[in-house]
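As a basis for the values below, the full set of heavy atoms in this structure was taken, side chains included, without hydrogen atoms, waters or symmetry mates. Atoms within each ligand, like the ligands themselves, are counted from 1 in listed order.
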Amino acid sequence: MPDQYAVIGNPVAHSKSPQIHAEFARQTGQDLRYDRLLAPTDAFIETVNAFRARGGRGLNVTLPFKGEAFRLAGVLSERARAAQAVNTLKFEGNATFGDNTDGAGLVNDLERNLGCPVTGRRVLLLGAGGAARGVIKPLLEQQPARLVLANRTLGKAQLLLQIFGSGLEISAYAALAGQQFDLVVNATSASLAGKLPPLPAGVFAPGGQAYDMMYGRAETPFLAFARSEGVAARVDGLGMLVEQAAESFFIWRGLHPDTAPVLKLLRQATA
Ligand code: NDP
């Protein structure tokens, strides 16, 4: 019986994680099985326990369970503690280890795949939900010139200052007018609803990079806005998805898969 893994969420049918991990396993010669696990929104713990009882070794966690996974994990990585959200669970005996690989996924995609370093650059992060929280610490570790976080509900963003300290600046959207950034990361769920966060014109510095964490066939409103602002470097979050999966694979199997061919495969499939 191969070792069992899965991505747990609701909904989860759309997830590309099984395809990604199947490629990683094939590439590294690992004998494992990776499925989709749909959990009722009020039965996350029960679904995890049943998976574990069947011999499950680890889970990727997606919407809306990253907070519950954080509370479930008995042992947490530092980055999961900072994010207060867990996207990777590893089961060893009775122990449950929780980690958050989203931030490493974003930084690896930016730096390795896109040649877009964070160090010394002015970075604007949009959103203050689970995805934004997960990437703040890994972005700060790269020592950007500035890391400014803008959120529609300002109070929610201000709470993050208590966790991440003075390295992080908080701003209302309107207060961004007249400022320029080398990298703007959309970590809001606005694109999911076909909406654009209320960004002022002129927010991209010349030669700037636009990054939308959402991915899919169609251009997102955020990337369309960047295009209308003359931004040439525009990318969705497919690379982040593959890179965060690679970090999870390493946590479970101790091996670093080659992400480039897997990302190429997914890009071809969504072209
Ligand atoms: P959450 O629901 O936790 O947070 C949503 C955030 O979006 C909040 O800050 C909310 O602001 C903001 N928001 C929603 N609508 C608007 C709007 N119209 N204008 C401005 N702000 C808005 O979601 P997550 O953080 O979990 O996910 C965010 C996105 O990141 C999703 O699209 C998800 O698919 C993507 N993602 C991609 C990953 C990848 O690997 N590529 C990994 C993880 C996430 P407010 O606080 O005011 O409500």
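At least one N or O atom of N151 sits closer than 3.5 Å to an N or O atom of ligand 1. Between M213 and ligand 1, an N or O atom pair is found at a separation short of 3.5 Å. At least one N/O-N/O distance between S189 and ligand 1 falls below 3.5 Å. Between G237 and ligand 1, at least one N/O pair is under 3.5 Å apart. Among the atoms of T153, some N or O lies under 3.5 angstrom from an N or O of ligand 1. Considering backbone and side-chain N/O atoms, L238 never comes within less than 3.5 Å of an N/O atom of ligand 1. Between Y215 and ligand 1, not a single N/O pair is under 3.5 Å apart.
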| request: Let me see the working for D99 and R79 under salt bridge (Lys or Arg N to Asp or Glu O under 4.0 Å), right down to the final yes or no. | output: CA-CA 7 Å; D99 204 342; R79 56 195 183 180; 2.7 Å; yes
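Here the side chain of T220 pairs a donor or acceptor atom with the backbone of L223 at under 3.5 angstrom.
The residue among R152, K156, K16, K195 with a heavy atom at the shortest distance from atom 16 (C) of ligand 1 is R152.
Protein heavy atoms are found inside the 4.0 Å sphere centred on atom 44 (C) of ligand 1.
Contact annotation for L63 and ligand 1: only side-chain heavy atoms (C-beta onward) come within less than 4.0 Å of the ligand.
Residue G105 places no heavy atom under 4.0 Å from ligand 1. Using 4.0 Å as the threshold, K66 has a heavy atom nearer than that to some atom of ligand 1. At a 4.0 Å cut-off, at least one heavy atom of A187 sits close enough to ligand 1 to count as contact.
Of the residues V48, N87, T88, the one that meets the side chain to side chain contact (heavy atoms under 4.5 Å, CB included) test with L59 is V48.
For the atom pair CG of N186 and CG of L196, the computed distance is 8.0 Å after rounding to the nearest 0.5 Å.
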